[in-house]
Amino acid sequence: MNLILEAIQKSAIRIKKAIDVKDIGYSQEQNSSGETQLQLDIQSDLIIEEELSRVVGIHTIASEEKEHPMVLNESGHYCIAFDPLDGSSLVDVNLSVGSIFGVYEGEFSPSKMVASCYVVYGPRVELVFADKENVSLYLLQNGEFEFVKYLSLNKRGGIMAPGGTQQFWAPYHKAMIDSFFTRGYRLRYSGGMVPDLHQILLKGGGLFSYPGASDKPEGKLRMLFEVFPFAFIFERAGGKAVDGLKRVLEKEPRHVHDTSPCFFGSTDEVNEVVSVYTAAQ
Ligand code: P6P
């Protein structure tokens with residue numbers, strides 16, 4: 001597992017350098033979700049593929065930027081799913097973006113998830129790594145990632161990050177979000193999943209939501225590349241992650257690019273989501 005973490009850290013240092021290059025614009029390609037790929041998306045994907053290919057313990061990798069998984073080493077043990085540069089279009093407006101990784105034993109199933117990791121490329125480059133025991137925060141300084149502290153969530157927080165397009169929200173979802181704001185929760189939403197969830201994790205808690213809605217009944221965020229890694233981290237940090245009704249880590253994707261409605265946060269807020277959504281069924 002250390003070799004995987006080192007490969008992710010090396011990837012992050014190289015991706016940060018790529019981000020710092022002047023805007024290199026859009027490619028002519030689209031990813032599996034029909035999103036036009038930034039050349040930076042493609043470059044970040046190649047960097048991660050190169051670094052992970054050097055780890056003999058990795059059997060298969062799956063990238064959000066590629067249609068199908070890729071076998072690296074038949075004798076490998078781990079499967080890694082990653083989003084190379086989530087929210088990459090935010091680079092153009094100088095907002096933080098991130099890379100997301102889920103580590104699975106033997107197959108891409110949430111029940112086989114053994115670790116997850118994300119990198120935030122912002123004013124500083126930080127990395128959060130979760131295994132069965134801890135959620136660890138690292139800071140990139142002088143070319144090295146240095147351990148900073150362990151992270152945990154309070155039972156209740158104060159930040160609300162409501163994703164999706166409000167005009168398509170279910171009425172009960174809108175009423176629930178409005179109710180949090182009338183109770184004094186602060187709106188913190190940049191449109192980048194990684195910095196938005198990083199802020200909730202570091203500021204002690206709250207709720208990030210990207211619900212199913214009339215325009216996207218199954219939500220927008222990809223289970224393997226985005227939802228499962230953050231669900232693993234938030235649960236390890238003492239929080240919860242649901243699709244509105246149940247733990248997202250109990251859902252099996254039928255296709256590698258399947259999406260799921262998702263709510264990540266402190267236990268009190270997520271419990272409230274489940275009670276509202278259960279009552280609405
Ligand atoms: P919306 C970025 O494109 C992304 O995949 C996530 O990083 C982010 O949470 C979400 O989409 C934002 O989507 O519809 O609120 O712009």
Side-chain angles (χ1 to χ4, degrees), residues 12 15 19 23 26-27 29-42 44-45 48 62-66 81-102 116-122 126 128 159-170 173-174 177 180-181 187-202 206-234 239 241-244 248 253 256-265 270 273:
I15 290 172
I19 291 170
D23 169 28
Y26 282 89
S27 72
E29 310 294 324
Q30 287 198 332
N31 66 14
S32 316
S33 304
E35 297 158 336
T36 303
Q37 291 174 306
L38 269 169
Q39 288 171 23
L40 205 47
D41 288 321
I42 295 168
S44 303
D45 184 51
I48 294 170
S63 167
E64 186 188 281
E65 298 300 336
K66 288 199 178 71
F82 58 90
D83 181 354
L85 198 61
D86 183 80
S88 53
S89 58
L90 296 171
V91 170
D92 286 349
V93 292
N94 205 19
L95 286 178
S96 298
V97 292
S99 303
I100 311 168
F101 303 83
S116 76
C117 177
Y118 66 82
V119 181
V120 193
Y121 309 98
E126 292 184 311
V128 170
I159 289 176
M160 201 50 49
T165 307
Q166 294 202 25
Q167 72 184 86
F168 300 124
W169 287 353
H173 178 85
K174 176 146 176 49
I177 298 294
F180 278 118
F181 285 123
L187 172 61
R188 294 290 185 272
Y189 191 79
S190 73
M193 179 183 197
V194 175
D196 289 343
L197 281 160
H198 189 58
Q199 179 167 199
I200 290 172
L201 198 51
L202 264 64
L207 180 70
F208 173 100
S209 54
Y210 206 105
S214 55
D215 63 331
K216 298 185 178 81
E218 289 308 312
K220 172 185 182 184
L221 302 178
R222 272 65 46 138
M223 295 165 88
L224 272 184
F225 308 113
E226 296 160 322
V227 177
F228 290 164
F230 273 105
F232 188 91
I233 289 168
F234 267 66
V242 298
D243 66 356
V248 287
V256 98
H257 292 279
D258 277 354
T259 63
S260 171
C262 53
F263 300 81
F264 308 94
V270 176
V273 170

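Only a predicted model underlies this, so the values are computations on that prediction, with no experimental measurement involved. Counting starts at 1 for both ligands and their atoms, following the listed order.
Asp83 pairs by the side chain to side chain donor-acceptor pair (under 3.5 Å) definition with nothing, not counting sequence neighbours. Remark: Lys216 pairs with no residue by the salt bridge (Lys or Arg N to Asp or Glu O under 4.0 Å) rule, at least two apart or across chains.
In this structure, NZ in Lys220 is found 10.0 Å from CG in Asp215, a value given to the nearest 0.5 Å.
Although no hydrogens or angles enter the test, the distance criterion places a donor-acceptor pair under 3.5 Å between the side chain of His257 and the main chain of Lys66. In this structure a side-chain-to-backbone donor-acceptor pair under 3.5 Å is present from Thr259 to Glu218.
Taking a 4.0 Å cut-off on heavy atoms, Leu221 registers as neighbouring ligand 1.
Residue-to-ligand polar distances place Met193 within reach of ligand 1: an N/O pair is separated by less than 3.5 Å.
Listed by number with element, the atoms of ligand 1 under 4.0 Å from a non-hydrogen atom of Gly192 are 7 (O). Remark: ligand 1 atoms within the under-4.0 Å shell around heavy atoms of Glu226 are 5 (O). Close approach of ligand 1 to Tyr189 (heavy-atom distance below 4.0 Å) involves ligand atoms 1 (P), 12 (C), 13 (O), 15 (O). Which parts of ligand 1 touch Phe208 is read off a 4.0 Å heavy-atom cut-off, strictly below it: atoms 9 (O). Close approach of ligand 1 to Asp86 (heavy-atom distance below 4.0 Å) involves ligand atoms 5 (O), 6 (C), 7 (O). Within ligand 1, the atoms closer than 4.0 Å to a non-hydrogen atom of Gly191 are 2 (C), 6 (C), 7 (O), 8 (C), 10 (C), 12 (C), numbered from 1 in the order shown. Atoms of ligand 1 lying under 4.0 Å from at least one heavy atom of Gly164, given by number and element, are 15 (O).
Each of Ser99, Ser44, Ser88, Ser96 was checked for a side chain to side chain donor-acceptor pair (under 3.5 Å) with Tyr121, and the lone residue meeting it is Ser99.
Between Tyr118 and His198, the angle of the ring planes goes over 60°, which puts this pair in the perpendicular group of the 30/60° scheme.
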